[in-house]
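One structure is given below, encoded as structure tokens.
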Amino acid sequence: MSPRETSTEEPAAEVVCTGVRRVFLGGVVAVGGATIRIEPGEFVAFLGPSGCGKSTLLRMIAGLDRPTSGRVEVGETDPCNRSVPIAFVFQDSHLLPWRTVLDNAALPLELLGVNKSERRAIAREVLRDVELADAADRIPAELSGGMKMRVSLARALVTKPRLLLLDEPFAALDELTRNRLDDRLRTLWRERGTTMIFVTHSITEAAYLAGRAIVFSKRPARIVSDRALDLGTDRTADLRGTAEFAAAVRTLQKDLEAADA
Amino acid sequence: MSPRETSTEEPAAEVVCTGVRRVFLGGVVAVGGATIRIEPGEFVAFLGPSGCGKSTLLRMIAGLDRPTSGRVEVGETDPCNRSVPIAFVFQDSHLLPWRTVLDNAALPLELLGVNKSERRAIAREVLRDVELADAADRIPAELSGGMKMRVSLARALVTKPRLLLLDEPFAALDELTRNRLDDRLRTLWRERGTTMIFVTHSITEAAYLAGRAIVFSKRPARIVSDRALDLGTDRTADLRGTAEFAAAVRTLQKDLEAADA
Amino acid sequence: GNSQSGSGSGSGDGKAKVKLALNWVPEPEFGGFYAAREDGSFAKHNLDVEILPGGAGVPVVQMVAGGQADFGISGADEILTARARGANVVGVFAIYQRAPLAIMARGDRIQSMADVFASGTVALEPGLAYSLFLKKKYGFDKVKIVPYDGGVARFLAENDYAQQCFVTSEPIAVKKKGASPKVFLVADEGFNPYQGVVIVSQATWQSKAELVKRFVLASREGWQKYLDDPSKANGVMAKLNTAMDAETFAEAAKAQKDLISTAETAQKGLGAMTKDRWETIAKQLVELGVVEKAPNVDEAFAVL
Amino acid sequence: MRDAPSSLANSLFLRTARSAASKTLPPFVALVVFLLTWEIGVRWLGVAAYLLPPPSAILSAAKRDAINLLMGAWTTAKTALFGFALSGVLGVLAAVILSSARVIERAFYPYTVFLQTVPIVAIAPILAVWFGPGFLAVSVCAFIVSVFPVIANTVTGLRSVDPALKDLFRLYGASRWASLVKLTLPSALPNIVTGLRIAGGLSVIGTLVGELFAGFSEGAPGLGIVVQTAAKQLKTDLLFAAVFSATFLGLLLFGVVNAVGSRVLGRWHPSEKLDQSEIES
Amino acid sequence: MRDAPSSLANSLFLRTARSAASKTLPPFVALVVFLLTWEIGVRWLGVAAYLLPPPSAILSAAKRDAINLLMGAWTTAKTALFGFALSGVLGVLAAVILSSARVIERAFYPYTVFLQTVPIVAIAPILAVWFGPGFLAVSVCAFIVSVFPVIANTVTGLRSVDPALKDLFRLYGASRWASLVKLTLPSALPNIVTGLRIAGGLSVIGTLVGELFAGFSEGAPGLGIVVQTAAKQLKTDLLFAAVFSATFLGLLLFGVVNAVGSRVLGRWHPSEKLDQSEIES
Ligand SMILES: Nc1ncnc2c1ncn2[C@@H]1O[C@H](COP(=O)(O)OP(=O)(O)OP(=O)(O)O)[C@@H](O)[C@H]1O
Ligand SMILES: Nc1ncnc2c1ncn2[C@@H]1O[C@H](COP(=O)(O)OP(=O)(O)OP(=O)(O)O)[C@@H](O)[C@H]1O
Ligand SMILES: [Mg+2]
Ligand SMILES: [Mg+2]
């Protein structure tokens with residue numbers, strides 16, 4: 001991954017949720033009082049049953065929604081102020097249907113005022129990283145489901161945010177591509193030290209990627225477990241065969257079963 | 001799963017693809033000459049890299065798209081004639097945004113002319129099977145990603161089609177829910193004997209569910225391998241621990257690596 | 001199916017129900033008909049007349065020719081033009097012996113009709129025969145011709161602005177706002193078609209001459225009453241046309257008196273028409289290019 | 001403790017009141033500000049009252065002639081409403097037929113422009129002779145003037161249906177009728193509502209114009225006639241009073257379309273969604 | 001072998017020709033059938049020529065008065081085009097301002113209905129006095145008549161933006177301007193195009209009416225004057241010739257809007273997508 005070259009490295013952001021609740025109109029409690037503190041530069045995986053409130057929590061952290069009660073702070077400010085640059089890979093790809101893949105990927109740079117040739121060069125590079133170099137000139141309607149998600153990922157990676165939120169970015173990808181992108185993401189994290197929150201339904205993926213895994217209960221989302229995953233910093237495909245990895249996966253599995261009950 | 005009770009059981013349909021090619025405007029070859037014969041009542045998994053052409057092939061089998069050359073036959077007729085009832089879980093949920101979950105799920109019955117109370121009763125039952133009984137009165141905009149896909153699954157299961165096509169139906173679900181739904185689907189298949197084609201990126205899911213797995217190459221989709229999975233008819237969670245299962249998974253993994261190269 | 005409007009069909013009390021289509025809202029120019037209705041002249045002649053007031057654009061000639069109304073109000077020039085196009089209507093009673101059509105203008109500069117066309121802006125309704133007549137007589141090359149917009153606001157707002165008018169209407173309205181318009185009748189310039197002409201379709205005229213005759217007699221009586229004392233009919237019309245106040249009604253009724261009642265009508269009765277006049281108009285219309293060849297005036301009007 | 005329910009009811013009442021206020025207050029304030037600016041502007045600039053009277057003069061003319069205006073408005077309203085209803089029904093129907101096949105659309109859609117460009121003066125004689133002068137003929141004028149926006153918007157709506165949903169209906173062998181009723185028309189609703197919004201105002205102006213060409217009335221002359229006679233008599237205050245009465249009719253139709261629209265579109269369509277801020281507060 | 005490229009070119013040519021034919025043939029055939037039916041119908045039913053002349057009579061009137069019609073059409077076209085352009089620009093601008101805040105929309109959107117319901121007769125004197133009679137005043141009439149559909153459609157379009165995409169822009173801290181230019185306006189384009197489609201026809205009729213109230217009747221009188229003159233002199237054949245000239249102008253605008261629309265919307269929007277069958281063949 002070769003994201004935008006900037007001269008000054010911005011520090012990773014800290015995320016603090018304090019008693020965050022979100023009740024939707026009609027009384028659906030999506031998040032039922034979550035208190036989480038994520039240190040700058042952490043790589044955290046969110047796990048939990050379908051419909052438990054993970055996406056809702058992520059949206060609040062991104063400042064796209066407000067808690068009904070409780071507070072969210074990113075880099076010590078309200079995320080709704082947009083003072084901390086955040087990137088977000090939504091659960092659905094949400095591409096602009098009238099733009100080519102290239103210009104979709106370059107959108108955040110465009111909004112930052114980067115000039116056309118520069119932003120296109122950067123976007124082209126990131127598209128190569130997500131294995132979409134040959135689809136740069138197509139429009140979203142001409143892409144497969146997995147390709148759309150990869151464009152959406154590329155769009156999040158062109159900038160250098162202080163916090164990167166990923167909502168099941170690889171669910172629609174085959175295992176091989178997924179593993180490759182896992183590795184890229186991990187490398188990127190090590191290079192940049194960005195704070196990352198990663199929602200996934202794959203326990204192995206969570207264990208492989210994250211330094212910490214938070215498991216949520218069925219709706220309303222409450223924290224069932226919050227574990228550090230001490231599997232070292234250098235993670236390669238071999239890790240998947242080790243006993244520690246298997247143990248970590250098993251623990252998370254148990255947590256999830258508890259969450260589902 | 002308790003789908004619609006009908007008096008006469010319709011036989012499962014046979015699917016025959018002969019040299020099917022699909023070239024999109026602009027010269028993108030999505031499917032590059034696929035010849036497949038699927039016997040009535042088979043449960044086939046399609047595997048392949050992202051963007052290789054699986055969805056395109058499925059759409060042609062459903063009669064929603066026409067091959068540029070070659071022929072598709074379902075139950076010995078052109079699927080575009082709609083003479084053989086087919087159900088399809090699309091890769092995206094594609095719900096009617098103005099309808100409640102219940103009425104979305106009941107849609108195929110409504111189109112068949114089933115009266116309101118009856119179709120709602122059936123839909124309610126199927127929604128219970130996909131663990132959405134409490135969301136029956138919401139509209140799609142109020143659902144999580146995984147919930148939407150489950151509504152879409154419920155919609156496909158309310159009727160008794162002769163052929164059931166599933167395009168990554170469980171990708172957005174957590175592992176536990178996914179396993180439960182895998183089991184339900186397998187039970188349903190055994191009860192009804194419907195022909196099923198199941199696209200998935202999860203090798204273990206493919207091995208667990210299907211009696212036969214077809215692995216496609218990178219775009220344009222060509223068949224890399226076509227294997228029977230002789231893991232017995234009674235498949236339970238225990239199967240996942242067996243050596244045969246691990247072997248089957250390993251073989252498919254190899255095939256996929258070959259496909260990706 | 002042209003006569004479904006029930007022309008002459010009997011009503012409950014044996015009166016013939018007929019419709020009279022006006023080409024404008026109730027105003028003194030139709031006063032005689034309201035007088036005939038109010039004072040019982042129509043009833044006396046066994047007529048039950050429904051008066052239909054309309055907007056400025058209503059197609060009276062077409063409706064009478066098409067049978068949607070039994071009687072209508074039009075002008076001699078329009079009748080001849082209509083006949084030339086195949087809409088066969090017949091004039092049977094002419095209210096205005098002298099056309100009330102006029103040009104009004106402001107300013108000391110203007111002493112005659114010729115001065116109106118010497119400079120400035122003149123508002124004329126496109127397509128009117130008399131505007132063609134004025135064009136032929138004075139030429140429009142020194143003035144800007146704009147379409148008459150149905151109102152008089154611009155007349156007050158702009159200098160050097162003249163416009164077409166009905167002597168009974170617009171001049172009175174602007175006088176009330178303190179302006180002193182100079183009014184020049186087109187009739188004085190040599191173009192003087194009968195106006196306020198009651199028309200019937202040729203078919204009606206041929207099949208129900210008796211009914212038409214009764215209508216004309218009643219109208220004549222009504223108009224005589226109106227000329228004698230317009231106040232009662234004015235009161236009725238004022239209720240129907242609220243834009244006009246009582247004072248204006250009275251002034252308009254006074255202003256039109258001389259155009260309706262002339263030496264000729266003193267002799268032949270109100271509404272009289274002569275073949276000479278009709279032939280003059282027919283000739284003028286041909287000269288102005290409105291119609292290709294002069295229609296036969298004998299069929300265009302009927303003296304009763 | 002015993003006060004709790006009543007304070008709850010109270011706060012509910014306050015909320016409803018606040019929401020109603022937030023809906024009616026802005027247009028009201030805007031109106032007041034606008035009228036004040038007009039009044040002062042006209043006086044200050046010395047615009048002649050016979051060109052543009054100040055609102056106070058219009059108001060007093062409206063009071064003076066209240067009964068006539070009301071009766072005129074009633075005549076016009078009936079006619080406009082019928083023309084509007086015709087536009088709604090026939091416009092949607094025409095759009096459905098036009099969209100039923102590409103060939104039909106190509107062949108006929110362009111010519112519907114004729115309805116929009118034909119001046120009433122050209123067809124008034126035909127209408128007056130065919131339908132008889134009065135209500136029906138004028139309604140048809142209103143219809144002709146207002147139907148094209150309904151057609152154009154509905155066609156856009158029908159065309160914009162999500163292709164994936166079309167596939168879904170095709171897959172389940174939906175009949176043309178079922179697809180139309182259960183998929184295409186509901187998808188097109190936001191566009192249809194917009195078309196009707198435009199048709200509302202147009203049916204009013206169509207009636208005003210139609211009254212001048214095909215309207216005969218003994219009883220209560222419609223607002224179109226009032227406008228024309230007032231112009232001739234230089235009663236500009238009355239003229240504007242009549243124009244505003246017509247606008248009020250247009251606003252009523254607009255309001256009805258909006259209300260029905262947001263009821264039908266309800267919570268599912270973004271064009272009818274409330275602001276985030278409104279949900280939150 | 002050597003023939004291959006030329007046969008390829010040939011088939012490409014055939015294809016293009018076929019596609020062009022499939023676009024122009026249906027409206028042409030429809031027109032011919034319509035005119036024939038009209039001609040025969042009018043003669044058969046014995047409809048009076050002064051009410052509705054047969055197409056042949058209209059055609060010969062058009063030939064007879066070709067020069068007047070052409071010059072009138074030119075005058076009208078210029079004016080309508082300017083009014084249309086004003087509607088397009090100011091309408092979209094107004095809609096953007098209206099949509100910029102819920103309060104503004106609530107306060108002002110309803111009153112834009114006034115533009116749609118005000119009769120030209122009411123404001124013509126003001127326009128003529130302020131702008132002087134002629135091009136500008138008439139253009140303003142065309143603008144007033146045609147702007148509301150642009151506003152209403154654009155507002156619907158601006159409101160219908162996918163909330164998820166709005167979130168995306170919010171997330172990346174897009175300025176209001178950037179959101180407008182890069183998200184909201186492109187999303188609203190299908191609606192804007194529909195609004196312009198309606199405004200096209202309306203600007204033509206607005207010009208015809210405006211010419212009667214604020215134009216010139218000598219020099220090069222527009223089609224509105226021709227229509228009025230013909231109506232007054234019962235030259236119904238010329239009247240319809242002028243009406244059809246106006247319709248033709250409307251069709252031109254409609255065609256231009258369609259062409260620009262499908263260019264801009266291109267392949268991404270379903271309302272401009274080709275049929276499956278057309279892709280296949
Ligand atoms: N706008 C809304 N109105 C009402 N309820 C909502 C709304 N959005 C989400 N919900 C509900 O909130 C709950 C949490 O949704 P959320 O999307 O956060 O789940 P999730 O954990 O991301 O699930 P998944 O893994 O399936 O994506 C769900 O039960 C959902 O139905
Ligand atoms: N309408 C279209 N026009 C042009 N190319 C298209 C179109 N639809 C799909 N394609 C291309 O066809 C190829 C196959 O797409 P398809 O959706 O079948 O892939 P897939 O195997 O389902 O992938 P995934 O696993 O990501 O869903 C892709 O490269 C895609 O870009
Ligand atoms: Mg989610
Ligand atoms: Mg796919």
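Chain A is the first sequence line, chain B the second, and so forth, proteins listed ahead of strands; every chain is numbered from 1. We use all heavy atoms of the structure for the numbers below, so side chains are in, but hydrogens, waters and symmetry mates are not.
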In terms of heavy-atom contacts, M237(C) and E27(C) come closest through SD-O, 3.3 Å

Report the option among C165(C), G151(C), A157(C), P26(C) that has the most heavy-atom pairs separated by less than 4.5 Å from atoms of chain D.
A157(C)

Tell me, side chain or backbone of D149(C) under 4.5 Å from chain D's heavy atoms, or both, or neither?
neither

Measure A128(D) against the heavy atoms of chain C and call it side chain, backbone, both or neither at under 4.5 Å.
both

Chain C contacts, top residue of Q233(D), K232(D), K235(D) (heavy-atom pairs, under 4.5 Å):
K232(D)

Looking at every heavy atom in both L185(C) and A99(C), which two are closest together, and how far apart are they?
CD2-O, 3.4 Å

Might you work through the side-chain hydrogen bond (donor to acceptor under 3.5 Å, both in side chains) test for E211(D) and T76(D), ending with a clear yes or no?
CA-CA 8 Å; E211(D) 283 169 352; T76(D) 301; 3.0 Å; yes

Measuring heavy-atom distances to chain D, does K177(C) have an atom under 4.5 Å in its side chain, in its backbone, in both, or in neither?
side chain

Heavy-atom cut-off 4.5 Å, strictly under: side chain, backbone, both or neither for L238(D) against chain C?
side chain

Using a 4.5 Å cut-off on heavy atoms from C-beta on, say whether the side chain of F213(D) contacts that of C141(D).
no

For V152(C), is it the side chain, the backbone, both or neither that has a heavy atom under 4.5 Å from a heavy atom of chain D?
both

Below 4.5 Å from any heavy atom of chain D, which atoms of F166(C) appear? Answer side chain, backbone, both or neither.
neither

Counting only non-hydrogen atoms closer than 4.5 Å, does T229(D) touch chain C with its backbone (N, CA, C, O), its side chain (CB onward), both, or neither?
both

K144(C) NZ: over 12 foreign heavy atoms closer than 6.0 Å:
no

Contact class of T242(C) relative to chain D, heavy atoms under 4.5 angstrom:
both

Just do the salt bridge (charged side-chain N to carboxylate O under 4.0 Å, His left out) check on K208(C) and D70(C) with the steps written out, would you?
CA-CA 11 Å; K208(C) 295 177 185 140; D70(C) 310 284; 6.0 Å; no

Counting heavy-atom pairs under 4.5 angstrom with chain C, the leader among L212(D), T236(D), V226(D), I126(D) is L212(D)

Can you say whether L22(C) sits under 4.5 Å from chain D via the side chain, the backbone, both, or neither, judging by heavy atoms?
backbone

Are the side chain of D77(C) and the backbone of A129(C) linked by a donor-acceptor contact shorter than 3.5 Å?
no

Does L45(D) CG have over 12 foreign heavy atoms under 6.0 Å away?
yes

